[in-house]
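By convention here, the first residue in the shown sequence is residue 1. Every number for a ligand or one of its atoms is a count from 1 in the order of the listing. Worth knowing before you read on, the calculation uses all heavy atoms, side chains too, and leaves out hydrogens, waters and symmetry mates.
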Amino acid sequence: MFGRNLDINRRSFFRSAAVPALCVVVGCREAEAAASLSRREAQFYEKLPNKKIRCTLCPRGCVIDDRERGYCGVRENRDGTYYTLVHSRPCSVHIDPVEKKPLFHFYPGTLAFSLATAGCNVNCKFCQNWEISQVRPEQVRNAEMSPDQVATLARDNRCVSIAYTYSEPVVFYEYVYDTALAGNALGIKSVVITNGYIQQEPLKKLCAQVEGIKVDLKAFSDKFYREVVNGELKPVLESLVTIHRQKTWLEIVYLVIPTLNDSDQEFRGLCQWMRRELGLDVPVHFTSFHPQYLLKNLPPTPLATLERAKRIADAEGLNYVYIGNVPGHPAESTYCPRCKEVVIQRTGFRVEKMNLKKGSCAQCGTAIAGRWKS
Ligand code: SF4
């Protein structure tokens with residue numbers, strides 16, 4: 001069955017949503033073989049002498065010779081013109097509850113038509129989806145699915161949003177952008193699940209077309225970013241500020257990894273920075289790590305560590321602090337910051353009860369930050 005098994009876990013999803021089966025169900029074609037991957041000119045690059053180019057999409061700023069690709073492996077220089085190889089070529093498509101992203105203040109209880117292409121611009125040693133993020137498009141099976149097809153399928157499957165997720169949407173930027181436009185034309189919102197490692201100009205352009213962005217903040221330390229992610233912290237923090245200032249809905253997820261990013265000092269530093277730069281209303285989710293990919297040597301995150309992170313965030317005054325990947329924990333629910341009543345009760349990805357009236361607490365009338373169905 002395509003997509004509707006909402007209890008499916010992420011690993012089994014990639015098996016169940018194999019592209020050939022997907023193509024039969026939704027009526028799209030499986031993409032052509034690797035040698036003939038279709039190309040579309042990329043946005044955000046500069047031409048350099050000798051047919052070289054510089055990519056200006058993400059802070060890595062790859063300088064690429066003719067016939068070569070950037071670090072992300074999905075953008076290629078042909079005779080001095082830069083191309084994306086993954087436009088309209090998703091390798092994973094599924095329908096998820098939006099809570100699975102996780103996004104808790106973005107049309108709760110609705111479905112998100114979710115898709116990914118191959119590729120990523122960092123290499124997290126703890127990546128959950130490395131089979132698609134750390135490969136080139138030739139190494140996975142891809143569907144052919146245009147932006148208009150995605151938007152129509154989202155509408156026909158009663159999805160409120162289209163989510164660009166699983167791998168890294170920054171590297172399939174043009175597909176995200178065009179699909180967001182197609183979705184907007186049909187009244188379908190777009191939400192981007194990203195590492196936030198993107199330059200300012202493309203980010204601002206994207207913010208104008210999408211309604212929400214969830215950023216996976218990997219740590220609050222540049223050392224962690226350099227050693228565990230192969231990226232940098234500063235551009236990600238700049239992205240968070242920009243998204244917030246552009247008034248695009250923002251939520252932050254912080255995967256807590258034992259011994260690597262779980263100190264009181266780091267939690268407090270993050271929460272104080274959030275309070276100063278983003279205010280009190282940006283939700284933060286402290287989620288549990290499970291050993292995988294290149295970090296199989298570390299244990300899962302103890303619940304006590306997640307609860308310690310939450311206590312620190314609460315003490316810093318943040319209004320919406322969650323614990324993730326611990327189904328049934330009270331910190332999965334949303335509480336009114338004023339009267340402390342439960343306004344959205346959740347178990348796992350399921351919304352059990354809503355006590356919201358037009359985006360405000362039904363008990364005391366306090367506005368709850370987020371995007372809500374009218
Ligand atoms: S998007 Fe890809 S090619 Fe462009 S700078 Fe980033 S890693 Fe390099």
Visitor: Quick one: CD on Q43 to CG on L206, what's the gap to the nearest 0.5 Å?
Guide: 9.5 Å
Visitor: How about NZ on K373, more than 12 heavy atoms from neighbouring residues, nucleotides or ligands closer than 6.0 Å, or not?
Guide: no
Visitor: Using residues 80-87 as the side-chain source, report each donor-acceptor pair under 3.5 Å to any protein atom, sequence neighbours left out, with the distance given to one decimal.
Guide:
residue: T81; atom: OG1; partner: K47; partner atom: NZ; Å: 3.3
residue: Y82; atom: OH; partner: R75; partner atom: O; Å: 3.3
residue: T84; atom: OG1; partner: V86; partner atom: N; Å: 3.2
residue: H87; atom: NE2; partner: D178; partner atom: OD2; Å: 2.8

Visitor: Check this for me, if you would: do K234 and E238 make a salt bridge, where the nitrogen-to-carboxylate-oxygen distance has to be below 4.0 angstrom?
Guide: yes
Visitor: Give the atoms of ligand 1, by number and element, whose distance to some non-hydrogen atom of Y82 is under 4.0 Å.
Guide: 3 (S)
Visitor: Give the total of protein N/O/S atoms at a distance below 2.8 Å from atom 4 (Fe) of ligand 1.
Guide: 1
Visitor: Between F286 and K310, is there a cation-pi geometry (under 6.0 Å to ring centre, at most 45° from the normal)?
Guide: no
Visitor: For the CD atom on E201, are there more than 12 heavy atoms of other groups (residues, nucleotides or ligands in this structure) within a distance under 6.0 Å?
Guide: no
